[in-house]
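Okay, structure first, notes after.
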Amino acid sequence: MTLTPATFDTFGDAYVAVLRRIHDQPEYDTRGRGKDAVEVPNISFQLTDPIRRSPYLVARRTNIVFNYAEALWYLSGRDDLAMIGYYAPRLEKLSADGIRLTGTAYGPRLFAADGTDGRSQFDRVIDLLRHDPDSKRAAMLVMRPDELVDSGNPDVACTLALQFLLRDGRLHATASMRGNDALIGLLCDTFSFTMIQELAARRLGVDVGTYTHHVGSMHINVLDAARVEAILAEADRAPAPMFPCSEMPDTSPEELATVLWWEQAIRHGGTTLTVDAVARIPVSGYWRQVLLLFEAYRQIRHIGDPVTAGITAALTAGNRWLMAARWPDRIGMP
Ligand SMILES: O=c1ccn([C@H]2C[C@H](O)[C@@H](COP(=O)(O)O)O2)c(=O)[nH]1
């Protein structure tokens, strides 16, 4: 009898295993809100190395720029479509007023002061773990009861809660979701939640532990079947490439604000940033790499030519691989 979830080293391994399970052995056909899907209830997995959070699959065409933008959007407590819609125009249809997102915007629920004691849920669980490291209470709630009041609500939070357990000097995290689209949402949500876990571990000065993901309804939309099959075929052909991955340094709220300031400057700016200009931005090398990705994306969106050779060369090997898989005609491989 096993009472613990399946364990994988990297998210890429877990991702392929989840897609394969639902594709090969679906348990239910569902028809919800106009989308037909195949579903396996109660899927759980655990990652031993949550920092290796990007799957290197050509057929998936992971948008690493969006992944970082969404994580930063959460970490800064924002809900504006202006920022996140620039990286993922598909989110526009989820916004009821064209200005803000509600259920999808986990940031305000986790990282904005919520009117109780001037702190955010995130700040409260960090303070709690500083004083009571063995606590079982370091949980942050996401979905709210009032989200089901309006049956026409287009955007109900899919995440129920995130929990931290600080054990033997390692910060473990558990995400609980009511529903997860295994092709798109699973990848983006795991990316952001493991970033939140890593930020919390650095703030506490402890190591990153395991990441556990539990989902009530894990599903693949029928319209995505061909993409899933392409991913499974690629995983069958050869193991995914491996790249070194960088650890997030301890990042203060002030440094995060500087990263967000530059994100907006790049998004609004009409000028091409050089690698030297990025090197002068007063944030750590880890966050400068993210700003390089934002500049590469700005060039892809606004300029017809390939991304400048300097920016391309300054990307890490893993990021360059992901960008070239997504935008093959815009990113040269070295
Ligand atoms: O962070 C998110 C947000 C949404 N979804 C997916 C799950 C569902 O396929 C769809 C939401 O539809 P409902 O469950 O609200 O009907 O979006 C995710 O996987 N992760």
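Values below: all heavy atoms of this structure, side chains included; hydrogens, waters and symmetry mates excluded.
- Contact check for Pro55 versus Thr62: side-chain heavy atoms found under the 4.5 Å cut-off.
- Using cut-offs of 30° and 60° on the angle between ring planes, the pair Phe193 and Tyr106 is tilted.
- Hydrophobic clustering of Ile, Leu, Val, Met, Phe, Trp and Tyr side chains at less than 4.5 Å, counting indirect connections, unites Val215 with Val142.
- Trp73 and Thr104 get closest at one heavy-atom pair: CZ3-O, 3.9 Å.
- In His131, the NE2 atom is not crowded: 12 or fewer heavy atoms of neighbouring residues, nucleotides or ligands sit closer than 6.0 Å.
- Put simply, the side chain of Glu70 never gets that close to the backbone of Ser192: no donor and acceptor are under 3.5 Å apart.
- In this structure, the separation between CG on Asp80 and CG on Leu101 is 8.5 Å, given to the nearest 0.5 Å.
- Annotation: the span from Leu292 atom CG to Arg320 atom CZ amounts to 11.5 Å, rounded to 0.5 Å.
- Minimum heavy-atom separation, Pro41 to Tyr28: CG-CE1, 3.5 Å.
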### Query
Hey, mind stepping through His219 and Asp181 against side-chain contact (heavy atoms from CB on, under 4.5 Å) and telling me if it holds?
CA-CA 5 Å; His219 51 269; Asp181 166 347; 4.1 Å; yes
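- A heavy-atom distance below 4.5 Å is not found between the side chains of Arg301 and Val65.
- Arg288 has no carboxylate O lying under 4.0 Å from a charged side-chain N of Glu295, or vice versa, which leaves the two without a salt bridge.
- Distance alone, capped at 3.5 Å, places no donor-acceptor pair between the Asp79 side chain and the Arg100 backbone.
- Remark: Arg124 CZ is packed, more than 12 non-hydrogen atoms of other residues, nucleotides or ligands lying under 6.0 Å away.
- Linking Ile, Leu, Val, Met, Phe, Trp and Tyr whenever their side-chain heavy atoms come within less than 4.5 Å leaves Leu141 and Val156 in two separate clusters.
- Residues Lys35 and Val222 form no side-chain contact, since every pair of their non-hydrogen atoms from C-beta on lies 4.5 Å or further apart.
- Using a 30° and 60° split on the angle between ring planes, Tyr87 and Phe294 fall in the tilted class, from 30° to 60°.
- Residues Glu234 and Arg60 are not paired through a salt bridge, judged by the lack of any N-O separation under 4.0 Å between the basic side chain and the carboxylate.
- Side-chain atoms of Arg267 do not come within 3.5 Å of backbone N or O of Tyr86 as any donor-acceptor pair.
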### Task
Determine, stepwise, if the pair Leu57 / Tyr15 fulfils side-chain contact (heavy atoms from CB on, under 4.5 Å).
CA-CA 10 Å; Leu57 293 156; Tyr15 183 61; 3.9 Å; yes
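- There is a side-chain donor-acceptor pair under 3.5 Å between Asn180 and His213.
- One finds the CD atom of Gln289 at 5.5 Å from the CG atom of Leu315 (value rounded to the nearest 0.5 Å).
- The aromatic rings of Phe11 and Phe45 are tilted relative to each other, their planes meeting at an angle between 30° and 60°.
- Two different hydrophobic clusters hold Met195 and Leu165 under the rule that ILVMFWY side chains link at heavy-atom gaps under 4.5 Å.
- Inter-residue side-chain proximity for Asp29 and Asp36 is flagged as unmet; no heavy-atom pair is nearer than 4.5 Å.
- Grouping the Ile, Leu, Val, Met, Phe, Trp and Tyr side chains by contacts below 4.5 angstrom, directly or via other members, places Leu94 apart from Met143.
- With respect to Arg20 and Asp236, a salt bridge is recorded, a charged nitrogen being found less than 4.0 Å from a carboxylate O.
- For Arg326 (side chain) and Arg61 (main-chain N/O), a donor-acceptor pair under 3.5 Å exists by modelled atom type.
- We find the CD-CG distance between Glu198 and Asp207 to be 11.0 Å, quoted to the nearest 0.5 Å.
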### Message
Walk me through whether Leu47 and Arg53 qualify under side-chain contact (heavy atoms from CB on, under 4.5 Å).
### Response
CA-CA 9 Å; Leu47 307 178; Arg53 52 175 75 85; over 6 Å; no
### Task
Step by step, work out the side chain to side chain donor-acceptor pair (under 3.5 Å) result for Ser95 and Asp97.
CA-CA 6 Å; Ser95 170; Asp97 62 3; 3.2 Å; yes
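- The two residues Thr308 and Thr272 come nearest to each other via the heavy atoms CG2-CG2, 4.2 Å.
- At a threshold of 4.5 Å between non-hydrogen side-chain atoms, the residues Phe191 and Ile64 count as touching.
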### Message
Test side-chain contact (heavy atoms from CB on, under 4.5 Å) on Leu72 and Val290; report intermediate values, then the result.
### Response
CA-CA 10 Å; Leu72 281 168; Val290 175; 4.2 Å; yes
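- The backbone N or O of Asp127 sits nowhere less than 3.5 Å from a side-chain atom of Arg119 that would complete a donor-acceptor pair.
- With a 4.5 Å cut-off on side-chain heavy atoms, Leu75 and Thr251 do not count as touching.
- Between the side chain of Glu147 and the backbone N or O of Ala157 there is at least one donor-acceptor pair closer than 3.5 Å.
- Side-chain contact check for Phe122 versus Leu162: every heavy-atom pair is 4.5 Å or farther apart.
- The main-chain N or O of Met248 is found under 3.5 Å from a side-chain atom of Arg202 such that the two form a donor-acceptor pair.
- For Asp168, the CG atom is loosely surrounded, since the number of other residues' heavy atoms within 6.0 Å does not exceed 12.
- To the nearest 0.5 Å, atoms CZ (Arg227) and CD1 (Ile220) are separated by 11.5 Å.
- For the residue pair Gln299 and Leu273, the shortest heavy atom distance occurs at NE2-O, 4.4 Å.
- When side chains are defined from C-beta on, Thr212 does not count as touching Gln163, because their heavy atoms never get closer than 4.5 Å.
- Nearest heavy-atom pair across Met140 and Gln121 is CA-OE1, 3.2 Å.
- Listed for the His172 side chain is a donor-acceptor partner under 3.5 Å among the backbone atoms of Thr210.
- Atom-to-atom distance recorded for Ile281:CD1 and Trp287:CH2 is 13.5 Å, nearest 0.5 angstrom.
- Counted by atom type alone, Thr274 and Asp276 present zero donor-acceptor pairs between their side chains at under 3.5 Å.
- Looking at Ser252 and Asp250, their side chains never bring a donor and an acceptor atom within 3.5 Å of each other.
- Judged purely by distance below 3.5 Å, without hydrogens or angles, the side chains of Asp49 and Thr10 never pair a donor atom with an acceptor atom.
- Put simply, the side chain of Arg170 never gets that close to the backbone of Val206: no donor and acceptor are under 3.5 Å apart.
- Side-chain contact check for Arg109 and Thr159: no donor-acceptor pair (N or O, by modelled atom type) lies under 3.5 Å.
- Around OH of Tyr286, the count of heavy atoms belonging to other residues, nucleotides or ligands within 6.0 Å exceeds 12.
- Of all heavy-atom pairs between Tyr56 and Gly318, the closest is CE2-O, 3.5 Å.
- One hydrophobic cluster, built from ILVMFWY side chains closer than 4.5 Å, holds both Leu91 and Tyr74.
- Listed by chain and number, the residues in a salt bridge (charged side-chain N to carboxylate O under 4.0 Å, His left out) with Arg137 amount to none (sequence neighbours excluded).
- Arg78 places no side-chain N or O within donor-acceptor distance of the main-chain N or O of Pro108, the cut-off being under 3.5 Å.
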